[in-house]
Amino acid sequence: MRQGYQSWVFSTKPVIAAAAAIGGPFEAQGPLAEDFDTLHGHLMIGQDSWEKAERVLLEEACDKAIEKASLTKEQIQFMLAGDLMNQSISANFSARTLAIPFLGIFGACSTSMEGLAMAAQLVDSQAADYVLAATSSHNAAAEKQYRYPTEYGSQKPPTAQWTVTGAGAAVVAHQGSGPRIQSATIGRIVDMGMSDPFNMGAAMAPAALATLEAHFRDLQLPHDHYDLVVTGDLGKVGHSILSELLPKHNVHIPLERYVDCGMLIYGDNPKVWSGGSGCGCCATVTYGHLLRRMTAGEWKRMLVVATGALLSPISYQQGESIPCIAHAVAIEAEQL
Amino acid sequence: MADEKKKMLTPVQQEYQELAKRHEPPRPLVRNFTRAFLVGGVICLIGQALQEMFIRYFNFTEKTAGNPTVAVLILLSALLTGLGLYDRIAQWAGAGTSVPVTGFANSIASAAIDHRSEGFVLGVGGNMFRLAGSVIMFGVASAFVIGLIKTLIKMGG
């Protein structure tokens with residue numbers, strides 16, 4: 001049910017029956033390695049192209065999530081998935097393999113929460129009993145499409161981010177046990193005229209702010225309602241910008257409760273510059289690390305704000321600025 | 001150009017961009033310049049050594065030794081690209097590896113490797129000059145203009 005201008009409150013509180021996170025070799029060396037369901041030792045994952053490797057990641061995440069929910073894929077009524085590749089080939093081709101009725105979505109790196117919010121809405125409105133929401137990204141495939149060839153020698157600035165090789169999937173169910181989806185806020189596009197594709201954290205931070213403002217306004221919640229507020233892939237640069245913007249705009253989230261997936265996934269590794277990014281960043285950290293810690297009882301309420309930079313290599317070359325979006329999903333532990 | 005773009009921004013956008021600028025970690029320019037100078041210099045030193053070798057042991061003259069020297073550097077660069085090492089050296093060295101001929105070879109080899117999955121004709125053939133193409137195009141065009149100027153000056157003198 002809609003509340004306020006742009007938020008949904010789910011009265012049935014759909015359940016995240018199961019979630020899965022698959023990662024690549026670089027993620028395996030990170031501090032969150034333990035929280036992945038499967039980690040691959042090579043970027044190619046036994047395929048003959050990066051694009052096929054990404055598809056395998058996504059298929060594995062979907063299979064794993066369905067298996068962990070003790071369901072079969074015939075029981076999943078709809079699949080919502082998207083990725084960063086042109087024409088969403090990873091999602092489309094995975095849906096071909098899985099043969100589940102499919103809606104393709106694109107929200108760049110915000111796809112994870114876009115999918116989860118829509119899945120919760122479908123379940124809450126009784127349009128489905130089980131919905132699968134999934135997304136993926138692959139470092140080399142994204143570099144090849146958005147930037148330079150993977151082996152091209154160019155020096156990246158300290159504001160650049162490292163695209164995560166990984167996929168995450170969640171099965172949203174009308175009943176069962178698991179963390180519950182309480183509400184969601186759909187973001188507006190925010191464009192602050194930033195045009196540097198090597199500084200996406202700074203481009204996306206205002207979109208995260210706008211969605212957070214809208215969320216607390218629509219739901220009329222106190223700013224310290226959540227034990228954890230987490231953004232998708234703002235990185236160190238975006239995290240520090242948002243930390244300054246929040247109090248400035250009278251959103252007094254306790255800053256020690258605010259973290260960013262892009263900073264969590266690789267820790268302090270200087271090789272990734274500002275932090276991780278890509279659809280897989282928010283998806284693997286949320287579905288792997290954060291949900292596990294929530295189930296372990298570390299926090300009861302969290303708000304995940306997935307941020308997306310909606311640029312294309314063509315729009316960038318034509319001198320356009322980067323439109324950004326953020327979608328927030330509030331998740332509660334099973335036992336409050 | 002940059003100023004022209006700035007004028008089209010709203011005051012809110014301008015204010016935000018100033019705020020964002022403050023949070024941007026500065027590029028380590030002195031370190032980048034030093035590394036670029038050292039690595040670029042070392043590559044040129046290797047080139048010089050190769051040239052001396054071709055002159056001394058293979059009977060090339062100073063004029064003709066240039067071609068085999070460049071060929072060897074290109075070969076080394078392509079090899080390092082294929083082994084996945086060139087991009088790592090470049091992240092460290094910056095302009096030091098992109099300005100010499102090795103950077104040019106790297107741009108072609110890396111594009112060819114990336115697009116191998118789309119086949120030899122449309123993939124490798126169609127994409128290997130994706131980055132190097134503009135260097136060749138503007139290189140040829142500017143060489144033509146310079147050549148024209150030189151000829152005109154000669155005719156006048």
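Throughout, a chain's letter reflects where its sequence line sits, starting with A, and its residues are numbered from 1. Please read all numbers here as calculations on a predicted model, not as lab measurements.
Taking both residues in full, the closest heavy atoms of A/Y152 and B/D87 are given as O-CB, 3.6 Å, listed atom of the first, atom of the second, then distance. The minimum heavy-atom distance linking B/H23 with A/E244 is given by the pair NE2-OE1, 2.5 Å. Considering all non-hydrogen atoms of both residues, B/A20 and A/A202 come closest at CB-CB, 4.1 Å. Of all heavy-atom pairs spanning B/P25 and A/P158, the tightest one is O-CG, 3.8 Å.
B/Q91 places a side-chain N or O within donor-acceptor distance of the main-chain N or O of A/K156, the cut-off being under 3.5 Å. A donor-acceptor contact shorter than 3.5 Å links the side chain of B/N106 to the backbone of A/E151.
Shown here is B/L29, whose CG atom has more than 12 heavy atoms of other residues, nucleotides or ligands within 6.0 Å. Within a 6.0 Å radius of OH in A/Y316, other residues, nucleotides and ligands contribute 12 heavy atoms or fewer. The number of heavy-atom neighbours closer than 6.0 Å to CZ of A/F198, taken from other residues, nucleotides and ligands shown, is above 12.
Here the side chains of A/W50 and B/D114 are in contact, with some heavy-atom distance below 4.5 Å. A heavy-atom distance below 4.5 Å is not found between the side chains of A/T159 and B/R27. Side-chain contact between B/W92 and A/Q155 is absent, with no heavy atoms from C-beta onward closer than 4.5 Å. The side-chain heavy atoms of A/L245 and B/L19, taken from C-beta on, include a pair separated by under 4.5 Å. Between B/S110 and A/Y148 the shortest side-chain heavy-atom distance does not fall below 4.5 Å.
Contact tally against chain B (heavy-atom pairs below 4.5 Å) for A/A203, A/S240, A/S49: the top residue is A/S240.
Pairs of residues two or more places apart, or lying in two chains, that qualify as side chain to side chain donor-acceptor pair (under 3.5 Å) and include a residue from residues 253-262 of chain A are A/T231-A/Y258, A/T231-A/D260.
B/R22 touches chain A through its side chain: at least one heavy atom from C-beta onward sits under 4.5 Å away, while N, CA, C and O do not. Using a 4.5 Å cut-off between heavy atoms, A/D48 touches chain B through its backbone atoms (N, CA, C, O) alone. Within the 4.5 angstrom heavy-atom criterion, no atom of A/E143 approaches chain B.
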Dump the intermediate steps for side chain to side chain contact (heavy atoms under 4.5 Å, CB included) on A/M192 and B/L9, then the final yes or no. CA-CA 8 Å; A/M192 279 296 170; B/L9 296 173; over 6 Å; no
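We find the OH-CG distance between B/Y16 and A/L209 to be 9.0 Å, quoted to the nearest 0.5 Å.
Residues of residues 127-151 of chain B having a heavy atom under 4.5 Å from any heavy atom of chain A, listed by number: B/R130, B/L131.
A salt bridge links A/K144 with B/E118: the closest approach of a Lys/Arg side-chain nitrogen to an acidic carboxylate oxygen falls below 4.0 angstrom.
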